[in-house]
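Structure first, commentary second.
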Number of protein chains: 2
Amino acid sequence: MVKLTDVARAAGVGYGTASRALSGKGPVGGDARARVLEAARELGYTADATARALRERRTRSVGLIVPDMTNEFYTASAEVLQEVLRAAGHHLFVATTGNHPGRDQEALQEMAARRVDGIVHVPSGPSTAATSPVPVVELNRYSGRNVPAVVSDDYAGVKELTELVIAAGYTDIAAIVGPDTYSTSRDRLAGFKAATEQAGFSENAATGKRLRIVFSDFSAEGGASAMQTLLPDPPQALLPLSSRLVMGVLKTTREAGIRVPDDLSLAGYGDPDWFEIWGPGITTFAPPLAQMGAKAAEILLDLINGHEPTDTLSRIPGALRIRGTLGNPGIS
Amino acid sequence: MVKLTDVARAAGVGYGTASRALSGKGPVGGDARARVLEAARELGYTADATARALRERRTRSVGLIVPDMTNEFYTASAEVLQEVLRAAGHHLFVATTGNHPGRDQEALQEMAARRVDGIVHVPSGPSTAATSPVPVVELNRYSGRNVPAVVSDDYAGVKELTELVIAAGYTDIAAIVGPDTYSTSRDRLAGFKAATEQAGFSENAATGKRLRIVFSDFSAEGGASAMQTLLPDPPQALLPLSSRLVMGVLKTTREAGIRVPDDLSLAGYGDPDWFEIWGPGITTFAPPLAQMGAKAAEILLDLINGHEPTDTLSRIPGALRIRGTLGNPGIS
DNA sequence: CTGTTAGCGCCTTCAT
DNA sequence: ATGAAGGCGCTAACAG
């Protein structure tokens, strides 16, 4: 591997001069500069980032910790996060936790050991209390630690989505939500409850407006079995509040021969691309994943540059996508 | 940041002793070892990976270069790749190229500058000629460089898939394939051609067995407009040879009111989870993405450990998933 | 403007 | 078994 001294020697200049010429910082004679650049190009020199990191005490890299690289819910944010960071000269270290909370801590430490300049963290669970020596911003979920977080405004979004369902005239509505150890589950559930209760729905059907809530884990399997439990007495309209839950529900309705929306109305959460082409199109609340990624990157860059965090929780509004699965209550 | 000298001082031992105690390499008194470990724990010491990398001339990190983090086709491999690598003590540096070939080179250099121990590369295009100073294995696509590559056996898979379509009795078949700058496009197309030609299909319908091929870029938009061009004279059966192309085709059929499989039979490529629940289920060839990721990781680890590459191109067989979109030619 | 030099934190011989 | 010291490649501060 060719190093700085090689370049300096080839250019016939001193060590430091070569360094200054390459970095552009510090004075250097136009003549010497040219010779150094030439020599560097000739020899195919690229500065050793590990040495530079040691010396400069920064790596120009940031850590990204996500539960799972295959979930569009995370990668859609990660993609633009990566773009913004790259534009600022930072590169990405990625670790996945498989939603196994113990591995959050592990990943955090690993990143710290590698001296990343900052970390974007999608927490796997509730507060993994440890404080990090490098700036952290949480994405998608907030753990309760006192760090900036960027999330979708799920409360507002799901509330609005639920209001849409209610406005369509359904009087027997159920939601499937993830474990309440996740902030996302709690926010979405709160939005659902706010809308239904405000419209006079309650868990005991006394008012004639029935509302049900089924808890499940955040997987397709979870959604499928949650739907199973509803099979004996299905609601008119169902809100599986994550795209994986939607997937699971559709597996079950499919097997059970339940037609959506003819037999069961559906409103979902998230907006993976297939929502648009499934059946009549899935009506859903789409969180602003790209914006969230960009915002998280910007906040982290600020933190890295020494700015103090201004607001610790950014809720970014998403958008309703009204398609066909809500159907028309008419006959029912 | 607490460093080794701090630990040594706190433990009342010398610098080197502390290092040996922590690393477990080299002799150290049981007594001293205990004190060092204790002190390290107490102070929350973690070795500086940048310093260690400089000294040891390896980073225990590997680079992953992919076109796009949001495409299941890459992330499904990446996920298990990451697991295998992690188990071997390596962590992942990720760069995306957006399928923009210039950025492959950029990413390769960046990774080399960071002194990763190895690189897994999903090439954006044809041979980006440069030779890398670190071991590289290509994944999903092969660029033509003389480096080991791990790919799905698309030729065999698509051939088999096409034979299935032919066996169903269709006599007017079309395929939509990506740009032939990609090895994947070429392999899939070759499989399609092999099966059709062997069965007596040709591009001029003289034999009564008609075959058509439409080129497109690898996006949903590409698939949609390719389908548009077929609209005036649709085939009986269509094979969009990538999952994004399938997505695009379905957008167009949906808008045009074409029913699948009643009006048009379909056999796809890839197996994102929604293929199973779309309509009657999408019949498809599923490449072994997880195995490919694992295999790539294993080959890279071998390379890193100094083994010479044994075979330079591993084609791993995938599996047919027979579902409902192929329909029944009967009436047509 | 340029060459020389002192570390960044760690691992690893080399004496002791 | 332990302490001391050199050096990985680089940047920045200093002297010329």
Side-chain angles (χ1 to χ4, degrees), chain A residues 1-37 39-40 43-61 89 109-117 133-134, chain B residues 1-37 39-40 43-61 89 109-117 133-134:
Chain A
M1 201 87 291
V2 37
K3 45 200 227 191
L4 195 47
T5 53
D6 300 330
V7 176
R9 186 155 9 91
V13 302
Y15 194 15
T17 307
S19 171
R20 285 188 294 261
L22 270 320
S23 71
K25 321 194 69 131
V28 72
D31 181 43
R33 149 171 294 116
R35 290 212 311 285
V36 170
L37 262 40
L43 277 58
Y45 170 79
T46 38
D48 184 327
T50 63
R52 199 198 310 247
L54 179 59
R55 177 65 228 238
E56 288 191 316
R57 322 201 54 67
R58 65 171 178 158
T59 54
R60 299 165 194 269
S61 70
Q109 284 196 345
E110 177 67 27
M111 298 294 184
R114 290 188 182 269
R115 303 296 188 260
V116 296
D117 297 337
V134 304
Chain B
M1 201 87 293
V2 37
K3 46 201 227 189
L4 196 47
T5 53
D6 299 330
V7 176
R9 185 156 9 90
V13 302
Y15 192 18
T17 307
S19 172
R20 286 187 292 261
L22 270 309
S23 72
K25 320 191 73 128
V28 75
D31 181 43
R33 150 170 294 116
R35 289 213 311 283
V36 170
L37 263 41
L43 276 60
Y45 169 79
T46 38
D48 184 325
T50 64
R52 189 191 307 223
L54 179 59
R55 176 64 228 245
E56 290 190 319
R57 323 202 55 67
R58 66 172 178 156
T59 53
R60 297 162 196 271
S61 68
Q109 283 197 344
E110 175 69 27
M111 298 293 183
R114 290 187 182 269
R115 302 295 189 261
V116 296
D117 298 336
V134 303

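Chain A is the first sequence line, chain B the second, and so forth, proteins listed ahead of strands; every chain is numbered from 1.
- Mapping B/Ala18 and B/Arg115 onto DNA chain D by nearest heavy atom places B/Ala18 closer to the 5' end of the strand.
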Check the pair B/Asp117, B/Val134 against side-chain contact (heavy atoms from CB on, under 4.5 Å), reporting the backbone distance first and the verdict last. CA-CA 6 Å; B/Asp117 298 336; B/Val134 303; over 6 Å; no
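- B/Tyr45 has no side-chain polar atom (N or O) that falls below the 4.0 Å cut-off from OP1 or OP2 of C/dG9.
- In this structure, CZ of A/Arg9 is placed 18 Å from C1' of C/dT2, rounded to the nearest angstrom.
- Between the P atom of D/dT2 and the CG atom of B/Leu22 lies a distance of 14 Å, rounded to the nearest Å.
- Remark: A/Arg57 is not in phosphate contact with D/dT11, judged by side-chain N or O atoms under 4.0 Å from OP1 or OP2.
- The shortest side-chain heavy-atom distance between A/Arg60 and B/Arg114 falls under the 4.5 Å cut-off.
- Here the P atom of nucleotide C/dG9 and the CG atom of B/Asp6 are 9 Å apart, to the nearest Å.
- The backbone N or O of A/Arg115 lies less than 3.5 Å from a partner atom in the side chain of A/Thr59, making a donor-acceptor pair.
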Give me the distances for all protein-to-nucleotides 13-16 of chain D N/O pairs that come in under 3.5 Å?
from, atom 1, to, atom 2, distance (Å)
D/dA13, N6, A/Arg20, NH1, 3.4

Would you give me the side-chain donor-acceptor pairs under 3.5 Å for residues 12-27 of chain B, sequence neighbours excluded?
from, atom 1, to, atom 2, distance (Å)
B/Ser23, OG, B/Ser19, O, 3.2
B/Ser23, OG, B/Arg20, O, 3.4
B/Ser23, OG, B/Lys25, N, 3.2

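- Here B/Leu4 lies in heavy-atom contact (under 4.0 Å) with sugar-phosphate atoms only.
- Listed by residue number, the members of residues 47-54 of chain A with any heavy atom below 4.0 angstrom from DNA chain C are A/Leu54.
- Between atom CZ of residue B/Arg52 and atom CZ of residue B/Arg58 there is a gap of 9.0 Å, rounded to the nearest 0.5 Å.
- For the pair B/Ser19 and C/dC10, the criterion of a side-chain N or O lying under 4.0 Å from OP1 or OP2 is not met.
- In this structure, the CZ atom of B/Arg58 is 19 Å from the C1' atom of D/dG9, given to the nearest Å.
- Atom pair A/Arg114:CZ and C/dG9:P shows a separation of 18 Å (rounding to whole Å applied).
- With values rounded to the nearest 0.5 angstrom, B/Asp31 atom CG is found 5.0 Å from B/Arg35 atom CZ.
- A/Leu54 places a side-chain heavy atom less than 4.5 Å from the side chain of B/Thr50.
- Between B/Pro27 and B/Tyr15, the residue anchored nearer the 5' end of DNA chain D, judged by the nucleotide with its closest heavy atom, is B/Pro27.
- Rounded to whole angstrom, the span from the CG atom of B/Asp31 across to the P atom of D/dA1 amounts to 13 Å.
- Side-chain contact between B/Met1 and A/Pro133: present, with at least one pair of heavy atoms (C-beta onward) separated by less than 4.5 Å.
- The distance from atom NZ of B/Lys3 to atom P of C/dG7 is 11 Å, rounded to the nearest whole Å.
- Protein atom CZ of A/Arg60 is 14 Å distant from nucleotide atom P of D/dC10, rounded to whole Å.
- Under a 4.0 Å N-O distance rule, the pair B/Asp6/B/Lys3 does not qualify as a salt bridge.
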